[in-house]
Each structure stands twice: as C-alpha cells, then as structure tokens.
Amino acid sequence: MENRISSFPPIIDSDSKILILGSIPGGKSLEKQQYYAHPQNKFWKIIFKIFNEEFTDDYIEKINILKNHHIALWDVIDSCERKGSLDSEIKNEEANQIEELLDKHTNIKAIFCNGGKSFKNAQKILGKDSKIPVFLLPSTSPLHTISFERKLEDWRIIKKYL
C-alpha cells in the first residue's frame, strides 16, 4: 500500500492550556491542508458554539479562535498508510512526539481526544498513568452518528480546564 499520509504540525503556543488530539487528517483535510476541513465534520461548529463565537469558514480565523481560548490542536499519528479517511483503515502508523510537545508546553493541563482511535493511541503513547488527564470525547466525524446536541454537551467539558 503506497497511500502514506502525514499529519499537520501542531497548533500550539505558550498560552495553550488544553490539547485536543485527533487521529490523523482525513482526505478532505489533507486536500485543503486544514484541520477538520470536511464540511460534515462538526469540530469547528462545536468549538464556536462552546465559546459563543460567530461561525466563520475562514481557516485563519478558526485558528485564532482556538488560540484565543488557549486550545492546542494536534494528532496522535504522525504518518500512516490509509485508503480513504476511515480510522479503521489505518495501517503501519508512526506516532507523533506528544510527550516532547508536552515537555515544551508545560501549561497544558488536560488532553481531550476526538474519538476512540485518538484516545487509544494517546493512552499507548502517554501510558495509563499520564500525569496530565486524558479524556475521551465523542468523535466529531459524520461517521459517529450521535446527535450534534449530544456531542456538543459532551464537548463542553473542555471549558472546565481553561
């Protein structure tokens, strides 16, 4: 399989207090070179709702909203082989250096995983006894079919760590 893909650099700065981890960008995100670019993915809608921000499609503005609210964003997988965009199709994965990122950014107080694959990998990378709490949140992917309202409600926990 020669469909090797790579994740994006982390979005993080010295003011970041929480880290949201996905698995690895899907096809639409890779094509646009933007986190959560698939129009059906609810990630950005959830973030904007939680913080009562007016929604925009402008990617630079989206990143600024994250930074203004002290949120860092990255993926657990640095590179892998995958057909399509399904996490279940991921093969031969290489992990991102999450521990190094956390060592450099000591303000991070909690990690939130966008879906099961991200959570499982984060636990593998950081160990079950991570000094920073790691939480599983429902995937914002359209393939995870619980309602938007339920996802939004579960995702509101991130505000408690800011």
Side-chain angles (χ1 to χ4, degrees), residues 5-78 80 82 84-88 90 96 98 101-102 104-123 125-126 130 132-162:
I5 57 171
S6 297
S7 71
F8 305 140
I11 294 169
I12 193 166
D13 62 28
S14 58
D15 293 329
S16 299
K17 289 188 173 69
I18 66 166
L19 173 61
I20 296 174
L21 291 172
S23 54
I24 193 163
K28 188 58 92 177
S29 294
L30 291 167
E31 177 188 311
K32 289 188 157 196
Q33 288 295 292
Q34 298 178 2
Y35 280 101
Y36 302 104
H38 192 289
Q40 300 306 309
N41 191 299
K42 300 300 184 212
F43 177 81
W44 293 112
K45 283 191 171 51
I46 285 171
I47 294 297
F48 278 73
K49 268 270 203 246
I50 287 172
F51 296 106
N52 297 315
E53 296 280 358
E54 195 167 324
F55 189 80
T56 178
D57 281 323
D58 183 295
Y59 188 65
I60 302 297
E61 193 51 38
K62 288 175 176 177
I63 299 310
N64 287 335
I65 296 285
L66 289 179
K67 288 181 175 178
N68 291 343
H69 292 287
H70 312 293
I71 297 171
L73 194 57
W74 206 18
D75 289 311
V76 291
I77 299 170
D78 175 53
C80 67
R82 183 183 66 201
S85 294
L86 294 176
D87 282 354
S88 58
I90 291 173
N96 262 325
I98 294 165
L101 185 82
L102 295 172
K104 282 186 203 145
H105 296 276
T106 54
N107 284 352
I108 300 289
K109 301 294 176 240
I111 298 169
F112 294 91
C113 297
N114 188 349
K117 175 72 174 167
S118 165
F119 183 69
K120 206 165 71 177
N121 284 40
Q123 285 189 311
I125 293 164
L126 300 170
S130 168
I132 298 172
V134 180
F135 298 93
L136 169 61
L137 291 175
S139 173
T140 58
S141 162
L143 297 171
H144 188 63
T145 56
I146 66 170
S147 72
F148 175 78
E149 290 72 25
R150 169 87 189 283
K151 288 180 187 184
L152 178 62
E153 201 49 48
D154 288 351
W155 273 77
R156 286 189 189 279
I157 189 177
I158 68 176
K159 284 183 86 172
K160 291 181 183 172
Y161 289 85
L162 293 170

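Computed from a predicted structure; not experimentally measured. This chain uses plain numbering: 1 for the first residue, then up along the sequence.
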Residues forming a side-chain contact (heavy atoms from CB on, under 4.5 Å) with E153, sequence neighbours excluded: R156

Side-chain donor/acceptor of K151 to backbone N/O of H144, under 3.5 Å: yes

Test item: E149 and L152 side chains (from C-beta on) under 4.5 Å apart, heavy atoms: no

Side-chain heavy atoms of I5 within contact of C80, under 4.5 Å: yes

Pairs touching residues 38-56 that satisfy side-chain hydrogen bond (donor to acceptor under 3.5 Å, both in side chains), sequence neighbours left out: N41-T140, E53-H69

Under 3.5 Å donor-acceptor, S147 side chain and R150 backbone: yes

Gap separating the CG atom of L73 from the CD1 atom of I20, nearest 0.5 angstrom: 6.0 Å

Approximate separation, where rounding is to 0.5 Å, of D75 CG and K117 NZ: 12.0 Å

Side chain proximity check, P10 to L101, heavy atoms < 4.5 angstrom: yes

Side-chain touch K109/L19, heavy atoms, less than 4.5 angstrom: no

Student check: side-chain heavy atoms of H70 and S16 closer than 4.5 Å: no

Check ion pair K62-D58 (N to O, under 4.0 angstrom): no

Heavy-atom side-chain contact between F119 and F135 under 4.5 Å: no

By side chain to side chain donor-acceptor pair (under 3.5 Å) - contacts of S23 (at least two apart): D87

Min side-chain heavy-atom separation I98-L21 under 4.5 Å: yes

Set of salt bridge (Lys or Arg N to Asp or Glu O under 4.0 Å) partners for D78, sequence neighbours left out: none

Set of side chain to side chain donor-acceptor pair (under 3.5 Å) partners for S7, sequence neighbours left out: N96

Partners meeting salt bridge (Lys or Arg N to Asp or Glu O under 4.0 Å) with K28 (sequence neighbours left out): E31

Nearest heavy-atom neighbours spanning A110 and Y161: CB-CD2, 3.6 Å

Plane angle bin for F43 and W155 - parallel if under 30°, tilted between 30 and 60°, otherwise perpendicular: perpendicular

Whether Q33 side chain and L30 backbone form a donor-acceptor pair below 3.5 Å: yes

Non-hydrogen side-chain atoms of W74 and F8 separated by less than 4.5 Å: no

Separation between OG of S14 and NZ of K67, rounded to the nearest 0.5 Å: 10.0 Å

